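Owing to the predicted nature of the structure, the values given are computational and were not obtained by experimental measurement.
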Amino acid sequence: MYYVIASGKKKSKIGKDAIENVTTKLHERGVDFKLLVSEYPRHAVELAKEASSASDCTAIIAVGGDGTFYEVLNGMDTKNVPIGLIPAGTGNDFARTLGITVDIDQCLDNIIGQEPVYVDYLLVNKKLKAFNVVGSGFDIQLLEKEVEYRKKYSDKRSYNAALMNTIFGCKFEKIKFKVDDGEEIVQDMFLAECSNGKWGGGMLPLSLESDPHDGIMEFSVIRKFNKIGLIPLLLKFQKGKIPETDYVKYYPCKKVEFDLEPRLRVQLDGEISDLFPVTVELIHNELRYFKSKIPPVDPYEILKHKKKYN
């Protein structure tokens, strides 16, 4: 029995259409399934626990955006139950890394009757899990501003307004971090991210060399710089060219410990939490998922023809 956990946000037409299409296509294929719809924040966590404990559960199918995937991951039994992903959000960052498209028929071809394979995830402070990214700094300031602007705008204008506000009001923090139990490093920073996937923030190229199957995460730190250079830096960021600057350093690793001063909060796949100090560990060969039959598009091709993939 497949347990389908879907986001039922009232304002999300994408999510409602996806639920209808997925259930219709599963009926057409003669697949036994049970639909569980999340109706409030963290409801999908409860539903994933319920599904994982069911004796007839062979797999969970998560339908929604990165937030839904995050909640399902935090409720499911990662050791014994595999997960299938059907992206139906506005960003779909982790699905893009995996080559999983929004085509529901293709997603179901990946899942139904197929054997799952291992995929890495990030474990934070031994209790919370994330598929894609864990970080703090500029992105937290941006996310917190976007929450404010969502009260005014329900579309992408909330993000754009928050971005402009954060660009001109961003603050630098002092970060203390330790990679794989090495020596502690202290510096002023703009952004710090642990990346399991390549994309974040709705198609921003965070770490294009990341591979969520290799047992390694990329910890990146963008150091402090003159604010006059912020807009050119963000333009390079959007084009995937930030590694070409001398502002960023990448640390391939399996574990990172970090703290900030003054303290902000930390985001896990776009969900904001108070967790400092933070320890992030890469968990390898535990969670299984249903792999895309279509190889992921080269991320540099996506950046080259970005409009084609929006």
Side-chain angles (χ1 to χ4, degrees), residues 7 9 11-12 15 38-46 48 62 64-75 89-94 121-167 169-177 189-197 199-204 206-207 217 219-222 234 237 256-281:
S7 172
K9 288 181 180 177
K11 292 183 180 180
S12 175
S38 68
E39 298 177 347
Y40 50 83
R42 295 194 63 77
H43 190 195
V45 177
E46 300 169 22
D66 292 316
T68 300
F69 295 168
Y70 167 80
E71 289 197 8
V72 172
L73 176 64
N74 277 277
T90 53
N92 304 322
D93 288 311
F94 194 61
Y121 71 87
L122 303 173
L123 179 63
V124 184
N125 289 4
K126 302 288 186 184
K127 61 181 181 180
L128 291 178
K129 302 163 186 170
F131 271 121
N132 195 42
V133 63
V134 176
S136 192
F138 178 80
D139 56 348
I140 283 291
Q141 297 175 54
L142 175 58
L143 283 168
E144 290 181 337
K145 282 294 178 187
E146 188 182 6
V147 169
E148 290 180 29
Y149 283 109
R150 276 184 203 156
K151 296 172 185 175
K152 267 188 184 178
Y153 311 113
S154 59
D155 53 21
K156 284 191 174 181
R157 286 179 296 171
S158 65
Y159 177 84
N160 293 332
L163 179 62
M164 293 308 296
N165 186 293
T166 312
I167 283 174
C170 74
K171 300 174 183 177
F172 297 105
E173 283 76 35
K174 188 178 293 295
I175 186 171
K176 297 186 291 185
F177 65 92
M189 68 97 195
F190 169 70
L191 179 71
E193 303 277 3
C194 299
S195 299
N196 186 39
W199 308 90
M203 215 172 174
L204 288 174
L206 293 181
S207 179
M217 64 176 158
F219 179 60
S220 56
V221 179
I222 301 178
L234 289 175
F237 194 3
V256 174
E257 301 168 71
F258 68 94
D259 201 356
L260 297 183
E261 184 184 322
R263 281 196 171 151
L264 288 174
R265 292 190 284 174
V266 62
Q267 65 96 358
L268 296 81
D269 291 349
E271 303 299 315
I272 301 175
S273 297
D274 292 297
L275 287 173
F276 282 105
V278 178
T279 299
V280 183
E281 299 170 85

A.B. asks: Determine yes or no for a side-chain-to-main-chain donor-acceptor pair under 3.5 angstrom, with Thr279 supplying the side chain and Glu257 the backbone.
C.D. replies: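 The answer is no, because no donor-acceptor pair under 3.5 Å joins these two groups.
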
A.B. asks: How close do Phe138 and Leu191 get, counting heavy atoms only, and between which atoms?
C.D. replies: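 Residues Phe138 and Leu191, closest heavy atoms: N-CD1, 4.0 Å.
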
A.B. asks: Taking C-beta and beyond as the side chain, do Pro277 and Arg263 meet within less than 4.5 Å on heavy atoms?
C.D. replies: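 A side-chain contact exists here, since the closest heavy-atom pair is under 4.5 Å.
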
A.B. asks: Just how far is it from atom CG of Leu260 to atom NZ of Lys174, taken to the nearest 0.5 Å?
C.D. replies: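 These two atoms lie 11.5 Å from each other.
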
A.B. asks: Just so I know, are the side chains of Lys127 and Leu275 near enough to count as touching, which here means a heavy-atom distance under 4.5 Å?
C.D. replies: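 Yes, close enough: below the 4.5 Å cut-off.
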
A.B. asks: Nearest 0.5 angstrom please: His43 NE2 to Glu71 CD, how far?
C.D. replies: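 His43 atom NE2 to Glu71 atom CD measures 9.5 Å (nearest 0.5 Å).
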
A.B. asks: Tell me, do Arg265 and Leu143 make a side-chain contact under 4.5 Å, heavy atoms counted?
C.D. replies: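 With C-beta onward as the side chain, the pair stays apart.
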
A.B. asks: Taking atom CG of Asn125 and atom CD of Glu281, what is their separation to the nearest 0.5 Å?
C.D. replies: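 Going from CG on Asn125 over to CD on Glu281, the span is 9.0 Å.
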
A.B. asks: How far apart are the closest heavy atoms of Phe258 and Cys194, and which atoms are they?
C.D. replies: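 Here Phe258 and Cys194 meet closest at CE2-SG, 4.3 Å.
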
A.B. asks: Output the distance between atom CG (Asp66) and atom CZ (Phe94), rounded to the nearest 0.5 Å.
C.D. replies: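 Those atoms lie 9.0 Å apart.
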
A.B. asks: How about Val134 and Phe219: do any of their side-chain heavy atoms sit closer than 4.5 Å?
C.D. replies: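 Val134 vs Phe219: side chains apart.
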
A.B. asks: Mind listing the side-chain donor-acceptor pairs of residues 266-274 below 3.5 Å, one per line with the distance, residues two or more places apart or on another chain?
C.D. replies:
{"residue": "Gln267", "atom": "OE1", "partner": "Asp269", "partner atom": "N", "Å": "3.4"}
{"residue": "Gln267", "atom": "OE1", "partner": "Gly270", "partner atom": "N", "Å": "2.7"}
{"residue": "Gln267", "atom": "NE2", "partner": "Asp139", "partner atom": "OD2", "Å": "3.0"}
{"residue": "Asp269", "atom": "OD1", "partner": "Asn132", "partner atom": "N", "Å": "2.9"}
{"residue": "Asp269", "atom": "OD1", "partner": "Val133", "partner atom": "N", "Å": "2.9"}
{"residue": "Asp269", "atom": "OD2", "partner": "Phe131", "partner atom": "N", "Å": "2.8"}
{"residue": "Asp269", "atom": "OD2", "partner": "Asn132", "partner atom": "N", "Å": "3.4"}

A.B. asks: Does atom NZ (Lys129) have a neighbourhood of more than 12 heavy atoms from anything else shown, all under 6.0 Å?
C.D. replies: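 Atom NZ in Lys129 is crowded, with more than 12 foreign heavy atoms closer than 6.0 Å.
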
A.B. asks: So do Trp199 and Asn92 actually touch side chain to side chain, heavy atoms under 4.5 Å?
C.D. replies: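 Sidechains of Trp199 and Asn92: no contact.
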
A.B. asks: Give, for atom CG of Leu123 and atom CG of Asn74, the distance between the pair rounded to the nearest 0.5 Å.
C.D. replies: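 The CG atom of Leu123 sits 9.0 Å away from the CG atom of Asn74.
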
A.B. asks: Do you know which two heavy atoms are closest between Ser7 and Ser38, and how far apart they sit?
C.D. replies: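 Taking Ser7 first and Ser38 second, the nearest heavy atoms are CA-OG, 3.4 Å.
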
A.B. asks: Looking at every heavy atom in both Ala62 and Val72, which two are closest together, and how far apart are they?
C.D. replies: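 Smallest heavy-atom distance, with atoms named: CB-CG2, 4.0 Å.
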
A.B. asks: Side chain of Asn196, backbone of Leu122: donor and acceptor closer than 3.5 Å?
C.D. replies: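 Checked: no pair found.
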
